[in-house]
There are 2 protein chains.
Amino acid sequence: MEAELSDPQARIYAFINEYVREHGRPPTNREIGGAVDIQSTGHVDYHLTILEKKGYIRRERKKSRGIILMHSEPRGLRIEGTIAAGVPLDIYPDARDTLDLGEHTREYVLQVRGQSMIDDHIADGDYVLVDRDAAINDGDIVVATHTVATADAGAATLKRIYKEQDRIRLQPANSTMDPIYVSKAEWDHEWEVQGKVTAVYRRF
Amino acid sequence: MEAELSDPQARIYAFINEYVREHGRPPTNREIGGAVDIQSTGHVDYHLTILEKKGYIRRERKKSRGIILMHSEPRGLRIEGTIAAGVPLDIYPDARDTLDLGEHTREYVLQVRGQSMIDDHIADGDYVLVDRDAAINDGDIVVATHTVATADAGAATLKRIYKEQDRIRLQPANSTMDPIYVSKAEWDHEWEVQGKVTAVYRRF
DNA sequence: TACACTGTAGAACGTGAGTTCTATGCTTGC
DNA sequence: GCAAGCATAGAACTCACGTTCTACAGTGTA
């Protein structure tokens, strides 16, 4: 697809990428020249024109630092396809798409301790991304805190939430554990929902 | 920590953030003025000086578009602490740290189908991040492909890998499934490891 | 009332920075 | 050997852009 880059062009392109990463803004033509040892700004412009023609960059004419990097992978990761965790007979379909790990901007992160959500495959050591502002629906996994000043004050727990007739059920995903029932009154006054789990992340 | 922002300062700060997100470079003082309806560039400079004093931005003096956003969360997410998935008696310790979802640059993504890694809590629909270049060790979860031209050619599978005496064991994490054994010779010629799973991601 | 603080406008200065033009070596293929 | 193409230098031009200075109006406080 893309035309090959000559050596000076490749160096310039690499420098622009590096400069943007480091400074949060594109370099000027003179800064590029200084970095790749080109004395003339006109000469830099010449190479930029080629880079533009080859599709590596775009430029906003007459604007300072007007270089726009194309293909600057926007913090997304390519989804190559699906993979069989089962029998090795399935193939890669080309479900071309992008997984944007940067889409989580409102969330904060908690690291999970314990086994109570294990049946939902949230394991000890996993990270959960919690959205403070999301709407809570029945069956959502939430972070709930008991706020009254008792022995377990400030205690937070990770559970699925279900609104029943006169009470709230906080349901662990672990068959060996019992749900917690909280009356509506107690719920309103003594408990607080810190947010809803929108994603799980695990490192190996 | 941070001083409050006055209305014009908040508008300017918001505009800078938005502009950077959209254009990949900071705005000029005149562009800021145009956006927040300030006629004088000196006036914009006045507000920027305050924003700098209050710690919201830094500036590289005399450089065009020299505004540097502080706290521009560098695609990382704050880890607020740990949370008990078990009994609601545990508390938030302040394990202040940052989870950098942008650290995955070499990996590509596959979406998992099937249940064969379920005992490792990799569920149907989860995304696995696969590193092509990582060193493979015993017990790692890998993407393996059978490359010979048979019925299941090109088939990829997600398994834990173990090197045994004269064979390779591809072990599913599902007690109802049996491991696949591959002889060393067959392994070298007919199989290919596409990479090692470095992380798991699940959206709700 | 006077002083301090914030918000605003206008103008002017000096340099930053994109652009354009002319010239000159290098290869490489015909 | 000559044309074509790439890489390079230097200079000049024209705005873009950060900075500085003066002035003034509104608001709150001592």
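Chain letters run A, B, ... following the sequence lines, proteins first, then strands; residues in each count from 1. The structure displayed is predicted, hence computed values, not measured ones.
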Could you list the residues that satisfy salt bridge (charged side-chain N to carboxylate O under 4.0 Å, His left out) with Arg30(A), not counting sequence neighbours?
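If we apply the salt bridge (charged side-chain N to carboxylate O under 4.0 Å, His left out) test to Arg30(A), skipping adjacent residues, there are no hits.
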Quick one: sort the Tyr201(B) and Tyr127(B) rings into parallel, tilted or perpendicular, breaks at 30° and 60°.
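Taking Tyr127(B) first and then Tyr201(B), their aromatic rings sit tilted (interplane angle of 30° to 60°).
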Under the side-chain hydrogen bond (donor to acceptor under 3.5 Å, both in side chains) test, which residues partner [X], sequence neighbours left out?
| X | result |
| --- | --- |
| His121(B) | His121(A) |
| Arg59(A) | Asp45(A), Thr49(A), Glu52(A) |
| Lys196(A) | Asp140(A) |

Under the ring pair (Phe, Tyr, Trp, His ring centres under 6.0 Å) test, residues paired with Phe15(A) that sit two or more places apart:
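Only Tyr19(A) meet the ring pair (Phe, Tyr, Trp, His ring centres under 6.0 Å) criterion with Phe15(A).
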Side chain to side chain contact (heavy atoms under 4.5 Å, CB included) against [X], all qualifying residues, sequence neighbours excluded:
| X | value |
| --- | --- |
| Gln165(B) | none |
| Lys163(B) | Asp138(B), Ile168(B) |
| Asp126(B) | Ile122(B), Ala123(B), Val200(B), Arg202(B) |

Pair listing, salt bridge (charged side-chain N to carboxylate O under 4.0 Å, His left out) test, anchored in residues 17-27 of chain B, at least two apart:
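Listed once each, the pairs are Glu60(A)-Arg25(B).
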Reading 5' to 3' through nucleotides 17-22 of chain D, protein heavy-atom contacts under 4.0 Å coded B for base, S for sugar-phosphate only, - for none
BBBB--
For nucleotides 23-28 of chain D, 5' to 3', base contacts (B), sugar-phosphate-only contacts (S) and non-contacts (-) with protein non-hydrogen atoms under 4.0 Å give ------
Find the distance Ile12(A):CD1 to dT8(D):C1' and express it as a whole number of Å.
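Rounded to whole Å, this separation is 11 Å.
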Below 4.0 angstrom from OP1 or OP2 of dA7(D), is there any side-chain N or O of Gln9(A)?
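Indeed, a polar side-chain atom of Gln9(A) lies that close.
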For chain B, the stretch of DNA chain C it reaches, first to last nucleotide, under 4.0 Å of its heavy atoms:
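Result: dT6(C) to dA17(C).
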